[in-house]
*Asks:* 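Here it is: the structure, laid out below.
Excluded from the calculations below are hydrogen atoms, water molecules and symmetry mates; all remaining heavy atoms, backbone and side chain alike, are included. Remember, it's a predicted structure, so these values are computed and weren't measured experimentally.
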Amino acid sequence: MKKGRERSRIIYGLLTVAVLLLGLASRRYSVWLPPFVHAYVGDVLWALMVFLGLALLLNRQSTRTVAWLAMLFSFGIEVGQLYHAPWIDHLRATRLGGLLLGFGFLWTDLLCYGVGIAIGVLLDRWLLASSRR
């Protein structure tokens, strides 16, 4: 992304909400999904949502910067799941806390986050290239 170019806040806002809704639907209707998809799609969509949300907020930053920040944030949340204290476990027990903070550390989640952020990078580059035309 060249300096001075901006991402459309409307497009990125709509995409962020759409991915959020898809992620929630993947949890709610998981019984109809194949086991492999059920196991991993929510984490991929969560990381994609983080990427898109950061791209929305930091709409003048490079794709690389947004990707690194999304990776740091996502990995930080996952590593934070290794910490268990009553106060944070109480937060995780709520619906919103569980969705945001997760429950337990899984190495596979880190891979899913990488895939979700890679999808975000590809989507971002495509949208930026399309806006130049």
Side-chain angles (χ1 to χ4, degrees):
M1 179 173 179
K2 292 182 181 177
K3 191 166 178 79
R5 300 238 359 125
E6 282 186 24
R7 294 174 182 89
S8 167
R9 290 190 188 265
I10 293 170
I11 291 172
Y12 281 79
L14 291 172
L15 285 171
T16 302
V17 170
V19 171
L20 170 77
L21 293 174
L22 279 172
L24 292 173
S26 77
R27 298 292 188 208
R28 180 161 175 90
Y29 303 108
S30 61
V31 295
W32 291 296
L33 296 173
F36 179 82
V37 174
H38 167 256
Y40 302 113
V41 74
D43 295 316
V44 170
L45 290 171
W46 187 87
L48 176 57
M49 182 196 67
V50 168
F51 177 90
L52 292 169
L54 287 171
L56 169 72
L57 295 172
L58 307 172
N59 69 330
R60 290 185 181 206
Q61 295 297 318
S62 69
T63 302
R64 178 179 290 174
T65 298
V66 172
W68 277 111
L69 290 172
M71 196 69 84
L72 285 170
F73 180 82
S74 299
F75 278 40
I77 292 291
E78 191 65 26
V79 170
Q81 292 174 21
L82 293 169
Y83 176 72
H84 291 281
W87 69 271
I88 199 161
D89 286 340
H90 180 71
L91 282 175
R92 288 182 179 126
T94 66
R95 182 177 180 99
L96 183 59
L99 289 170
L100 293 175
L101 300 174
F103 301 100
F105 178 85
L106 293 171
W107 287 103
T108 54
D109 287 354
L110 299 177
L111 179 61
C112 290
Y113 299 157
V115 170
I117 292 166
I119 292 168
V121 166
L122 294 173
L123 181 60
D124 188 55
R125 289 186 176 166
W126 180 75
L127 288 169
L128 291 171
S130 297
S131 72
R132 290 183 194 136
R133 293 183 203 151

*Asks:* Write down the atom of Ile117, the atom of Phe51, and the distance for their closest heavy-atom approach.
*Replies:*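 Nearest pair, atom of Ile117 first, then Phe51: CG2-CD1, 4.2 Å.
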*Asks:* Membership question, hydrophobic clusters at under 4.5 Å side-chain separation (ILVMFWY): are Phe75 and Tyr83 in the same one?
*Replies:* yes
*Asks:* May I ask you to check whether over 12 heavy atoms, not counting those of Tyr40, lie within 6.0 Å of atom OH?
*Replies:* no
*Asks:* For Arg9, does the CZ atom have more than 12 heavy-atom neighbours from other residues, nucleotides or ligands under 6.0 Å away?
*Replies:*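 Atom CZ in Arg9 is packed in, count exceeds 12.
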*Asks:* How close do Asp43 and Cys112 get, heavy atom to heavy atom, and via which atoms?
*Replies:*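 Heavy atoms of Asp43 and Cys112 come nearest at CB-CB, 3.6 Å.
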*Asks:* Looking at every heavy atom in both His38 and Ser30, which two are closest together, and how far apart are they?
*Replies:*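 Closest heavy-atom pair between His38 and Ser30: CD2-CB, 2.7 Å.
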*Asks:* Tell me if the CD1 atom of Ile10 is crowded by more than 12 foreign heavy atoms within 6.0 Å.
*Replies:*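 No - once you tally the heavy atoms of other residues, nucleotides and ligands closer than 6.0 Å, there are 12 at most.
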*Asks:* Trp32: which residues meet the ring-ring contact (aromatic ring centres under 6.0 Å, His included) condition with it, sequence neighbours left out?
*Replies:* Tyr29
*Asks:* Please round to the nearest 0.5 Å and tell me the distance separating atom OG of Ser131 and atom CH2 of Trp126.
*Replies:* 10.5 Å
*Asks:* What heavy-atom pair brings Gly104 and Asp109 nearest, and what distance separates the two atoms?
*Replies:* O-OD2, 4.4 Å
*Asks:* Any idea how Tyr113 and Trp46 line up, ring-wise: parallel (<30°), tilted (30 to 60°), or perpendicular (>60°)?
*Replies:*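 Ring orientation of Tyr113 relative to Trp46: tilted.
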*Asks:* With a sphere of 6.0 Å drawn around NE2 of His90, does it hold more than 12 non-hydrogen atoms of other residues, nucleotides or ligands?
*Replies:*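 At most 12 heavy atoms, drawn from other residues, nucleotides or ligands, come within 6.0 Å of this atom.
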*Asks:* Keeping Glu78 on the side-chain end and Leu106 on the backbone end, is there a donor-acceptor pair under 3.5 Å?
*Replies:*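 Flag set: sc Glu78 to bb Leu106 pair under 3.5 Å.
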*Asks:* For the CG atom of Leu14 and the CD1 atom of Ile11, what is their distance to the nearest 0.5 Å?
*Replies:* 8.0 Å
*Asks:* When clusters are formed by joining ILVMFWY residues with side-chain heavy atoms under 4.5 Å apart, either directly or through shared neighbours, do Val37 and Leu20 land in the same one?
*Replies:* yes
*Asks:* Measuring from atom CG of Leu101 to atom OG1 of Thr94, what distance do you get when rounded to the nearest 0.5 angstrom?
*Replies:* 8.0 Å
*Asks:* Can you tell me how far apart CG (Asp124) and CD1 (Ile119) are? Round to the nearest 0.5 Å.
*Replies:* 13.5 Å
*Asks:* Taking all atoms of both residues into account, what is the closest heavy-atom pair of Thr16 and Gly53, and its distance?
*Replies:*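 Closest pair (atom of Thr16, atom of Gly53, distance): OG1-N, 3.6 Å.
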*Asks:* Would you call the rings of Trp107 and Phe105 parallel, tilted or perpendicular, taking 30° and 60° as the class edges?
*Replies:*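 Perpendicular.
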*Asks:* Does Leu24 belong to the same Ile/Leu/Val/Met/Phe/Trp/Tyr cluster as Leu45, with side-chain heavy atoms less than 4.5 Å apart forming each link?
*Replies:* yes
*Asks:* Is Thr65 reaching over with its side chain to a backbone N or O of Gln61, donor-acceptor style, under 3.5 angstrom?
*Replies:*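 Not confirmed, Thr65 side chain does not pair with Gln61 backbone.
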*Asks:* If you measure from CG on Leu122 to OG1 on Thr63, what distance do you get to the nearest 0.5 Å?
*Replies:*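 Output value for this atom pair is 10.0 Å.
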*Asks:* Less than 4.5 Å apart, side chain to side chain, heavy atoms only: is that true for Ile88 and Gln81?
*Replies:* no
*Asks:* What are the two closest heavy atoms between Leu100 and Ile77, and how far apart are they?
*Replies:*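 Looks like O-CG2, 3.5 Å.
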*Asks:* Are any of the side-chain heavy atoms of Met49 and Leu15 separated by less than 4.5 Å?
*Replies:*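 No. Closest side-chain heavy atoms not under 4.5 Å.
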*Asks:* Quick check against the 3.5 Å criterion: does Ser74 have a side-chain atom that pairs as donor or acceptor with the backbone of Met71?
*Replies:*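 Between the backbone of Met71 and the side chain of Ser74 there is no qualifying donor-acceptor contact (under 3.5 Å).
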*Asks:* Determine whether Arg7 and Leu58 satisfy the following criterion, side-chain contact (heavy atoms from CB on, under 4.5 Å), listing intermediate values before the conclusion.
*Replies:* CA-CA 9 Å; Arg7 294 174 182 89; Leu58 307 172; 5.7 Å; no
*Asks:* Indicate, with yes or no, if Val17 and Leu48 share a hydrophobic cluster defined by side-chain heavy-atom contacts under 4.5 Å among Ile, Leu, Val, Met, Phe, Trp and Tyr.
*Replies:* no
*Asks:* If you group Ile, Leu, Val, Met, Phe, Trp and Tyr by side-chain heavy-atom gaps below 4.5 Å, do Leu22 and Leu123 land in one group?
*Replies:*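 Same cluster.
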